[in-house]
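Each chain gets a letter, A, B and so on, in the order the sequences are listed, and its residues count up from 1. As a basis for the values below, the full set of heavy atoms in this structure was taken, side chains included, without hydrogen atoms, waters or symmetry mates.
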Protein chains: 2
Amino acid sequence: MSILVMKFGGTSVATPDRIRRAAKRVGVEVAKGHDVIVIVSAMAGKTNELVGWVRETSPLYDAREYDAVVSSGENVTAGLMALTLQEMDIPARSWQGWQVPLKTSSAHGAARIEEIPTENILGRFAQGMKVAVVAGFQGISPEGRITTLGRGGSDTTAVAFAAAFGAVRCDIYTDVDGVYTTDPRITKKARKLDRIAFEEMLELASLGAKVLQTRSVELAMRYKVRLRVLSSFEEMDDAAGTLVCDEEDIVESNVVAGVAFSRDEAKMTLISVADRPGIAAAIFGPLAQAGVNVDMIVQNISEDGRTDMTFSCPVEEVPRAEKAMSEAKARGEINYHDLVADTEVCKVSVVGIGMRSHAGVAAQMFAALKSENINIKVITTSEIKISVLIDRKYLELAVQALHDAFGLEKAPAG
Amino acid sequence: MSILVMKFGGTSVATPDRIRRAAKRVGVEVAKGHDVIVIVSAMAGKTNELVGWVRETSPLYDAREYDAVVSSGENVTAGLMALTLQEMDIPARSWQGWQVPLKTSSAHGAARIEEIPTENILGRFAQGMKVAVVAGFQGISPEGRITTLGRGGSDTTAVAFAAAFGAVRCDIYTDVDGVYTTDPRITKKARKLDRIAFEEMLELASLGAKVLQTRSVELAMRYKVRLRVLSSFEEMDDAAGTLVCDEEDIVESNVVAGVAFSRDEAKMTLISVADRPGIAAAIFGPLAQAGVNVDMIVQNISEDGRTDMTFSCPVEEVPRAEKAMSEAKARGEINYHDLVADTEVCKVSVVGIGMRSHAGVAAQMFAALKSENINIKVITTSEIKISVLIDRKYLELAVQALHDAFGLEKAPAG
């Protein structure tokens, strides 16, 4: 018995007709001999409707009641999917989170999955059931209340089921047909990747490629779940979509897998800060408390005991950052001459596990940007990623130049 | 600690704004010192939307999946009501059927309530919670699947909670302001009753007065739950609505409490049936099997070993009745000369516990109809009810004449 997990997002189950089309894909996998666990999202628009009612009712809502209300959308889809499969003579039934039971922490609205017992569903598979349809995004807390996993929680549910049941693969059906070397709206040369390593996908996901939630990729990496992203709206094909997998499963790859970007960044510089031990904590502590998501940090060379400290954060968090800094200054915790915010920057990154073994990627990146006369404002690097802050007006130009420079339109020699 | 049960129907919770208005009524009762159990229906229209999707998906649906889908509407309202109460600083939380747990039979779509454990909710009241909001219409089967109680199931849920918790009263908030002596659309003289006995309400409910489901009245009568029907859209007032209660709690009442009617009836007569022992079983057995709801039955005087057998049923069941009879005839189980269907009749009834001790009600009823030259086709009586079949065109005339004849526009001398 081989178990396959298939997850369908909101647009893939938006109407009874689309649910039927999704169910046909499930039928194809059942015909191949798989026992299938289907994870469903709410019908497109339904979760927003429910969230809207909650917010209208109570701006500072009780997260437990929020979860009880918002989780109902997935329950509807799960029942309708089970009925659709039954109409196709495929033995199926629905499970709500508490029926599995998918056990989570008590962190309502952003609960962590703690345990997925497999006996119930395996028992039904043993009795001849072919498809278990599970409402995604939800679970039950130790107190017996309904929890939700936060936005993108259905992807996480799917990966967690695949891990718990030792599934051969976890197919995430969505409205894009895979992971691309970069956003096809920026350059038509963007190419769909057949395979991508977990680490690369993680960097791309957190850098703003919105195909998969970071959390589900982390979970897949930890439990070695082969994750495939593919479209509900294309022909079915065993080679469709993009397989997110272990590095070892990728025979050949380009040094750089893709170019990611984040459009609305801000660069903030504290001018002339006293350079003393603990100054970084004195600056970034208050920023974290104010909910500012600091990304890059650069400290300039110190002169006469004073230095400039630069950091980046999303544009919309600039007012919060300014307030936190001026309050810290007023409390005497830090001292600076001026705080300069440049809100017209963006971040562009190249990502690829090949960088680990190939030198010169940074130099090649900087040369490509220089040839377009794009000035680099901040640089950060990790083992498999190089990111730069540049003026926002150069975003498209930079992405296109980097895509060309690393030859991403061509598949790697396999 | 006195517990009050308040039930709000779909139109009373149709929007977040209406939920707020309902919550204010709950707040008034909490301020009086009650611990309140609120039972909610789905927002108006939501259950129909869900049922529509199920039917579109699967005409011969699996009732277990139907229940899983359709029950979600009440869960949404329960959460929103709890949030609304919290916004008013009233400690409240929601319970879904399986969380109580409201235990039912496995008869999906029409489950019977079997047990309502009170510990969980009483425990929370003891800790200071003021309102338990419970999703109506649903429960959990011995197999752990979600069940629904059938249409009107939220009324039944409310009465069952009132019985289980020994509530001082069960208030059913709906879109009418009480039980009337007859339908106010038929005569403007119709008067709202302050009180009505369970038995009378049962007769009125089953005769077509659509204020309360028969099942909830039966349950209230069995467990002596004081049941009040009142409008969500009128000013609050301790004397509002109609109290459905034990006979002993009604000090003075008219002999006749109300005039009920059922518009679309048919009168069917089997002409010249062999009058032998067992003939009634041979006729009504096949009708019951065919799902025909036979109401009145009249057997004429026998002549030469043959008789005419007359019965009434809803008009839409006539084709089914005709088929059942001709098949029974073909099988040789019954023998009759002809089957005559009169599909242009209606049923009008007078109901009142006072009839038990007052003679002459039937005579007074027949005289009133005679004075309008209305011919009576069939008569049946019970201890507290007299019903007649008449031509449908006389329905309004008959109801008005009877309402006048029994002086129902006037309140009883108290």
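- Only the side chain of B:Met43 comes within less than 4.5 Å of a heavy atom in chain A; its backbone stays farther off.
- Contact between A:Thr57 and B:Glu87 at its shortest, heavy atoms only, is O-CG, 3.4 Å.
- Side-chain contact between A:Pro16 and B:Arg55: absent, with no pair of heavy atoms (C-beta onward) separated by less than 4.5 Å.
- A:Lys46 has a carboxylate O that lies under 4.0 Å from a charged side-chain N of B:Glu49, or vice versa, which qualifies the two as a salt bridge.
- In this structure, CE on A:Met88 lies 12.5 Å from OG on B:Ser58, to the nearest 0.5 angstrom.
- Heavy-atom neighbours of A:Arg112 CZ from other residues, nucleotides or ligands within 6.0 Å: at or below the threshold of 12.
- A distance of 9.0 Å separates CD1 in B:Ile19 from CD in A:Glu56, rounded to the nearest 0.5 Å.
- In this structure the side chain of A:Ile146 reaches within 4.5 angstrom of the side chain of B:Gln96, judged on heavy atoms.
- Within the model, atoms OG1 of A:Thr84 and CH2 of B:Trp53 stand 12.5 Å from one another, a figure rounded to the nearest 0.5 Å.
- Of all residues spanning residues 98-105 of chain B, those with a heavy atom less than 4.5 Å away from chain A's heavy atoms are B:Trp98, B:Gln99, arranged by number.
- Looking at B:Leu85, neither its backbone nor its side chain comes within 4.5 Å of chain A, counting heavy atoms on both sides.
- With contacts defined as side-chain heavy-atom distances shorter than 4.5 Å, the pair A:Arg93/B:Arg64 does not qualify.
- Other residues, nucleotides and ligands contribute more than 12 heavy atoms inside 6.0 Å of the CD atom of B:Glu143.
- Residue A:Ala92 comes nearest to B:Glu65 through the heavy atom pair O-OE2, 4.5 Å, listed as atom of the first residue, atom of the second, then distance.
- For B:Leu50, the part lying near chain A is the side chain, with the backbone staying farther off; criterion is any non-hydrogen pair under 4.5 Å.
- Counting only heavy atoms from C-beta outward, the side chains of A:Glu74 and B:Ser72 never approach each other to under 4.5 Å.
- Not counting sequence neighbours, A:Asp67 has no partner by the salt bridge (Lys or Arg N to Asp or Glu O under 4.0 Å) test.
- With chain B as the partner, the residue from A:Ser94, A:Ala82, A:Gly144 showing the most heavy-atom pairs under 4.5 Å is A:Ser94.
- Here B:Leu83 is the residue among B:Val76, B:Val69, B:Leu83 with the most heavy-atom pairs under 4.5 Å with chain A.
- More than 12 heavy-atom neighbours from other residues, nucleotides or ligands sit within 6.0 angstrom of NZ on B:Lys32.
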